[in-house]
Amino acid sequence: MIKVALKDGSIKEFEKGITVSEAVKEISAALAREAVAAEVNGKMVDLGYRLNDDCELKVLTFDDKEGKSVFWHTTSHIMAQAVKRLFPGTKLAIGPAIENGFYYDFDVQTPFNADDLTKIEEEIQKIIKEDLPVERFVLSRDEALKIEQENGEIYKAELISELPDDAEISFYRQGEFTDLCAGPHLPNTGRVKAVKLLNLAGAYWRGNEKNKMLQRIYGVSFPKRSMLDEHLKQLEEAKKRDHNKIGRELELFMTSEPVGQGLPLLMPKGAKVIQILQRFVEDEEERRGYVITKTPYMAKSDLYKISGHWQHYKDGMFIIGSEEKDEEVLALRPMTCPFQFMIYNSKLRSYRDLPIRMAETSTLFRNEASGEMHGLIRVRQFTISEGHLIVTPEQLEEEFMGVLDLINYIMDTLGIKEDISYRFSKWDPNNKEKYIDNPEAWEDTQAKMKTILDKVGIPYQEADGEAAFYGPKLDIQFKNVHGKEDTIITVQIDFNSPECFDMTYIDKNNEKKRPYVIHRTSIGCYERTLAMLIEKYAGAFPTWLAPVQVKVLPISENQIAYAKQIADKLFKLGVRVEVDERNEKIGYKIREAQLAKIPYMLVIGEREMQNGQLAVRSRKEGDLGAMDTDGFINKLITEISTRAR
RNA sequence: GCUGGUGUGGCUCAGAGGUAGAGCAGCGCACUCGUAAUGCGCAGGCCGUGGGUUCGAUUCCCACCACCAGCUCCA
């Protein structure tokens, strides 16, 4: 007999060699029905795994994160099986579970189209009905390689040959289908009750654009039909928050074909929101000891040759003129750093001058590839709260923390602190094209950054190959409605520019020293931030950010003059207010103001005119009843000045 | 840039190898109205752009442009 410790702390005895599945049946019949896999001593295993020693056992169901992952991973195998049946000769690449479902990458003769997806989905249903048992087996490296090579599975063979020497090479078989896989998996295909293939996309083998483009199918699956329906409903709901949809509906921005791709036009309301954000950020930066610069939108290629942009970032720049034609070559700026460095270098600096904190609300131009643009999130021209701190090595830590404090304050005010994650973006030593070739400096700077991050206690995830070409970054990430992460704010330590630009300061001992540079944004790119805020608030901005804060709604034309008086009073107090003078019913005016997500509606009828009150309606809470005019104004002004959410 | 999808009045969407329709929005008139859509009428489209096939194309084919999802890249 063996002793098995369960999640609730109890210990049960089983016969040695019992399978997990049998053991679970003894624990609870209900749990046995829901079990998808298990963790034995913290290691994920199949339900068919045999328990031979005393151990800790945790049964995984779809409710567990790991359980979902197993469920979706098996579904990806089922999908691969369906594809193999319908398109013999398809080569399999990889098919993992992801955060919200799964995908599988296939190398097929002709790319899939939308109809193929339907066919594949039908074939998946058949495989589920067949309720095939999923069996695990282990092969030696040579056997495994031989099989995959014989079957023409070149991608699988590549994966096998790269597995570490001591790796156990396992396969999973269901019916006629076998796939190299670490597992674990569901015990049979019938466990999957509801599947939906969501979309089709190209994806490069191993994420490298030099490799072949494979066909990726994304899908999701559930143990119950109703769960799938609920999930699809949620996806639809999420799309209703899409900034690209409601940002246009609310007349915050638009695009225009003749203007061009990735060049959104901010309309009066969108521009207003950005103006408010910009004033807020600039004031806060000034309070924190930043000086401002205003530097050119373009420069000769000479500048970018010094900074390294010409060598490492040329594809991302709009270049005017050509060297071949012996013309003057200029480029629109993709970053502001070189310009501010020139200002730093304009005179000899003393250690007493440092730190120097330079900020600029800076418009940048980046020649993004055509498929990369997206609403306000990814554009070719954008304005960013860019800044550079020139600091002594001794000041690096404190100044970095000061930047974090500023960012924290801004995120707190915007109400997005709970919605972001931190990414520590490091270089990729193998990518010589992208990164400055100075391994010691990279390692040293990354270690410095890590020390600071750990000291502050920021919960970050490390990411290789995400650094800027000149140094590591702390990226603050926000997920859009489609679950895709984008960087909203970034802080970077640059060891390279001080060298390139020969930036120096004179220290106490009258010696020339190299400063460090911290590149940072405090709110990031305004366009992207606007997109994020639209999605965060579904277009219903907090009052201080709302492009129109109050709409005055006279009930009939008899109240228009009075309504205008009220509006004028508010306007003079700096409130963004409009009067709906149209000859419409009050219900209609309210509906429109509500759909425009205006925080306060003031209904003005005969009664209000008589007694000098306001019938206040809040976007959030509905009819608030009659209020004293001054009382309302005080409440409103407080709400705006405290930037309440 | 790559893969797949989409492109019809301001918006949401029908339609079909014979030359375009609805709702909403807009405009006009009437109603002067109390907390999420008053009624009637009018106007609005070279069916993304350019080629090709055809007696005839918005519909079929090709190229380009833009938009959407993903890959790569990135604030």
Side-chain angles (χ1 to χ4, degrees), chain A residues 103 105 108 111-114 116-117 198-218 239 242 244-245 248-249 251 254-262 313 315-316 334-335 362 364 366-379 382-386 425 434 465-466 468 473 475-478 482 484-490 492 519 521 523-529 531-532 553-560 583-595 601-608 615-619 622-625:
Chain A
Y103 69 78
D105 285 347
V108 270
F112 295 130
N113 59 36
D116 294 332
L117 227 55
L198 296 168
N199 41 43
L200 194 57
Y204 301 105
W205 168 235
R206 304 223 135 164
N208 186 335
E209 65 180 326
K210 295 195 175 79
N211 290 342
K212 183 161 186 182
M213 177 163 272
L214 308 172
Q215 292 293 305
R216 175 173 297 179
I217 302 176
Y218 286 90
K239 278 187 197 149
D242 190 336
N244 211 0
K245 183 174 162 55
R248 292 170 198 269
E249 281 168 8
E251 297 181 351
M254 57 175 279
T255 49
S256 152
E257 291 201 13
V259 173
Q261 217 185 0
Y313 204 81
D315 287 348
M335 300 180 195
S362 177
L364 305 179
R366 295 188 187 174
N367 194 1
E368 306 290 349
S370 65
E372 285 162 357
M373 265 75 76
H374 168 57
L376 289 177
I377 286 181
R378 196 76 185 279
V379 293
F382 54 95
T383 299
I384 193 169
S385 61
E386 200 170 13
S425 298
K434 181 171 170 185
E466 296 287 349
K473 309 194 285 179
D475 291 322
I476 295 179
Q477 305 290 105
F478 185 85
H482 298 105
K484 187 174 170 165
E485 259 189 15
D486 280 294
T487 302
I488 195 90
I489 295 172
T490 181
Q492 313 165 357
H519 301 239
T521 65
I523 194 171
C525 153
Y526 286 97
E527 290 82 353
R528 188 175 280 186
T529 300
M532 172 190 68
L553 311 177
I555 285 179
S556 78
E557 54 187 36
N558 297 332
Q559 293 88 36
I560 288 179
N583 185 11
E584 293 290 350
K585 293 233 174 355
I586 194 66
Y588 184 83
K589 291 182 181 180
I590 287 170
R591 178 183 156 80
E592 290 226 321
Q594 191 77 33
L595 291 175
M601 290 152 258
L602 304 178
V603 178
I604 309 282
E606 211 48 49
R607 273 204 305 276
E608 286 69 28
V616 181
R617 186 187 167 93
S618 140
R619 171 188 66 201
D623 192 355
L624 299 181

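Since the structure is predicted, the reported quantities are computational estimates derived from the model, not experimental observations. Each chain gets a letter, A, B and so on, in the order the sequences are listed, and its residues count up from 1. These values consider heavy atoms only, across backbone and side chains, with no hydrogens, waters or symmetry-generated copies.
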**Q** Looking at A75(B), I'd like to know if its phosphate oxygens (OP1 or OP2) sit under 4.0 Å from a side-chain N or O belonging to K473(A).
**A** yes

**Q** Test your reading of the model: is there a side-chain donor-acceptor pair from Q261(A) to the backbone of S370(A), 3.5 Å cut-off?
**A**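 Checking the backbone N and O of S370(A) against the side chain of Q261(A), a donor-acceptor pair under 3.5 Å is found.
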
**Q** Below 4.0 angstrom from OP1 or OP2 of A69(B), is there any side-chain N or O of K245(A)?
**A**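 No, no such contact exists.
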
**Q** Taking all non-hydrogen atoms of both residues, which atom of L364(A) and which atom of I384(A) are closest, and how far apart?
**A** CD1-CG2, 3.6 Å

**Q** Looking at Y588(A), does any N or O in its side chain come under 4.0 Å of the phosphate oxygens OP1/OP2 on A25(B)?
**A** yes

**Q** How is G375(A) classified with respect to the nucleic acid when contacts are heavy atoms under 4.0 Å: base, sugar-phosphate, or nothing?
**A**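 Sugar-phosphate contact only.
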
**Q** What distance, rounded to whole Å, do you find between the two P atoms, one in U3(B) and one in C64(B)?
**A** 11 Å

**Q** Which nucleotide, C71(B), A75(B), G5(B), lies nearest any side-chain atom of A203(A)?
**A**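 Taking heavy atoms from C-beta onward, the closest nucleotide is C71(B).
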
**Q** Is the backbone of G587(A) close enough, under 3.5 Å, to the side chain of R591(A) for a donor and an acceptor to pair up by distance?
**A**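 Not confirmed, R591(A) side chain does not pair with G587(A) backbone.
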
**Q** Compare the minimum distances between each of C31(B), G70(B), A75(B) and the side chain of K484(A), then state the nucleotide with the smallest one.
**A**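 Closest nucleotide among those given: G70(B).
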
**Q** Side-chain N or O of S370(A) less than 4.0 angstrom from OP1 or OP2 on G1(B)?
**A**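 The answer is yes; a side-chain N or O of S370(A) sits under 4.0 Å from OP1 or OP2.
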
**Q** So does H374(A) get a side-chain nitrogen or oxygen closer than 4.0 Å to the phosphate oxygens (OP1/OP2) of A69(B)?
**A** yes

**Q** Name the nucleic acid region contacted by R216(A), choosing base, sugar-phosphate or nothing; use a 4.0 angstrom heavy-atom cut-off, strictly under.
**A** sugar-phosphate

**Q** When the distance from CD of E249(A) to C1' of C11(B) is rounded to whole Å, what number comes out?
**A**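 Interatomic distance, CD of E249(A) to C1' of C11(B): 8 Å.
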
**Q** At 4.0 Å (heavy atoms only), tell me whether F112(A) reaches a base, stays on the sugar-phosphate, or touches nothing.
**A** sugar-phosphate

**Q** Among C73(B), A75(B), U72(B), find the nucleotide with the atom closest to the side chain of C525(A).
**A** A75(B)

**Q** Using only heavy-atom distances, decide whether a donor-acceptor pair under 3.5 angstrom links the side-chain of D315(A) to the base of C73(B).
**A** no

**Q** Expressed in whole Å, how much space separates the C1' atoms belonging to C2(B) and G26(B)?
**A** 42 Å

**Q** Any idea which of G4(B), A75(B), U3(B) is nearest the V379(A) side chain?
**A** A75(B)

**Q** Between the base of G4(B) and the side chain of Y218(A), is there a donor and acceptor pair under 3.5 angstrom?
**A** no

**Q** Distance check, P atoms only: A14(B) and G70(B), in whole angstrom units.
**A** 23 Å

**Q** By nearest atom, which of the nucleotides G34(B), C74(B), G1(B) is closest to the I586(A) side chain?
**A** G34(B)

**Q** Which pair of non-hydrogen atoms, one from A468(A) and one from Q492(A), has the smallest distance, and what is that distance?
**A** CB-OE1, 4.1 Å

**Q** Under 4.0 Å: is that the gap between some side-chain N or O of Q261(A) and OP1 or OP2 of A66(B)?
**A**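 Checking A66(B) against Q261(A), a side-chain N or O does come within under 4.0 Å of OP1 or OP2.
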
**Q** What I want to check is whether an N or O donor and acceptor connect the side chain of E608(A) with the base of G34(B) at under 3.5 Å.
**A** yes

**Q** Rounded to whole angstrom, note down the C1' distance from C74(B) over to G4(B).
**A**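 One C1' to the other, the span is 22 Å.
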
**Q** On a whole-Å scale, what distance lies between the C1' atoms belonging to U59(B) and U8(B)?
**A** 11 Å

**Q** With rounding to whole Å, what would you report as the distance between G7(B) and G41(B) at their C1' atoms?
**A** 33 Å

**Q** Sub-3.5 Å donor-acceptor pair from the side chain of R366(A) to the main-chain atoms of P334(A), do we have one?
**A**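 Flag set: sc R366(A) to bb P334(A) pair under 3.5 Å.
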
**Q** Under 3.5 Å, side chain of T529(A) to main-chain N/O of I523(A), donor-acceptor pair present?
**A**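 Here the side-chain-to-backbone pair exists.
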
**Q** At under 4.0 Å between heavy atoms, what does I377(A) touch on the DNA or RNA strands: base, sugar-phosphate, or nothing?
**A**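 It contacts base atoms.
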
**Q** Starting at the 5' end of RNA chain B, which residue's closest nucleotide do you reach first, K434(A) or R607(A)?
**A**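 Of the two residues, R607(A) wins.
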
**Q** In whole Å, measure the gap between the P atoms of U58(B) and C47(B) for me.
**A**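 U58(B) and C47(B) have their P atoms separated by 6 Å.
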
**Q** For C62(B) versus C55(B), give the span between their C1' atoms, rounded off to a whole number of Å.
**A** 22 Å

**Q** Could you tell me which non-hydrogen atom of E606(A) sits nearest to which non-hydrogen atom of Q559(A), and how far apart they are?
**A** OE1-NE2, 3.1 Å

**Q** With distance as the sole criterion, do the side chain of E257(A) and the base of U49(B) form a donor-acceptor contact below 3.5 Å?
**A**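 Under the 3.5 Å cut-off, the side chain and the base do not form any donor-acceptor pair.
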
**Q** Treat a base pair as Watson-Crick or G-U wobble with both distances under 3.5 Å, then lay out RNA chain B in dot-bracket form, 5' to 3', with | for cross-strand pairs.
**A** (((((((..((((....[..)))).(((((.......))))).....(((((..]....))))))))))))....

**Q** Under 4.0 angstrom, heavy atoms only, what part of the nucleic acid is E368(A) near: base, sugar-phosphate, or nothing?
**A** base

**Q** Would you please say whether a donor-acceptor pair under 3.5 Å links the side chains of T487(A) and R528(A)?
**A** no

**Q** Can F382(A) be called stacked on A75(B) when the rule is centres closer than 5.5 Å and an angle between planes below 30°?
**A** yes

**Q** Return the nearest nucleotide to the side chain of E557(A); candidates are U32(B), A36(B), C2(B).
**A**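 The closest nucleotide is U32(B).
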
**Q** Kindly indicate, with the supporting measurements, whether the criterion side chain to side chain contact (heavy atoms under 4.5 Å, CB included) is fulfilled by E386(A) and M335(A).
**A** CA-CA 8 Å; E386(A) 200 170 13; M335(A) 300 180 195; 4.0 Å; yes

**Q** Under 4.0 Å, heavy atoms only, any strand: does E606(A) hit a base, just the sugar-phosphate, or nothing?
**A**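 Answer is base: heavy atoms of E606(A) come under 4.0 Å of a base.
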
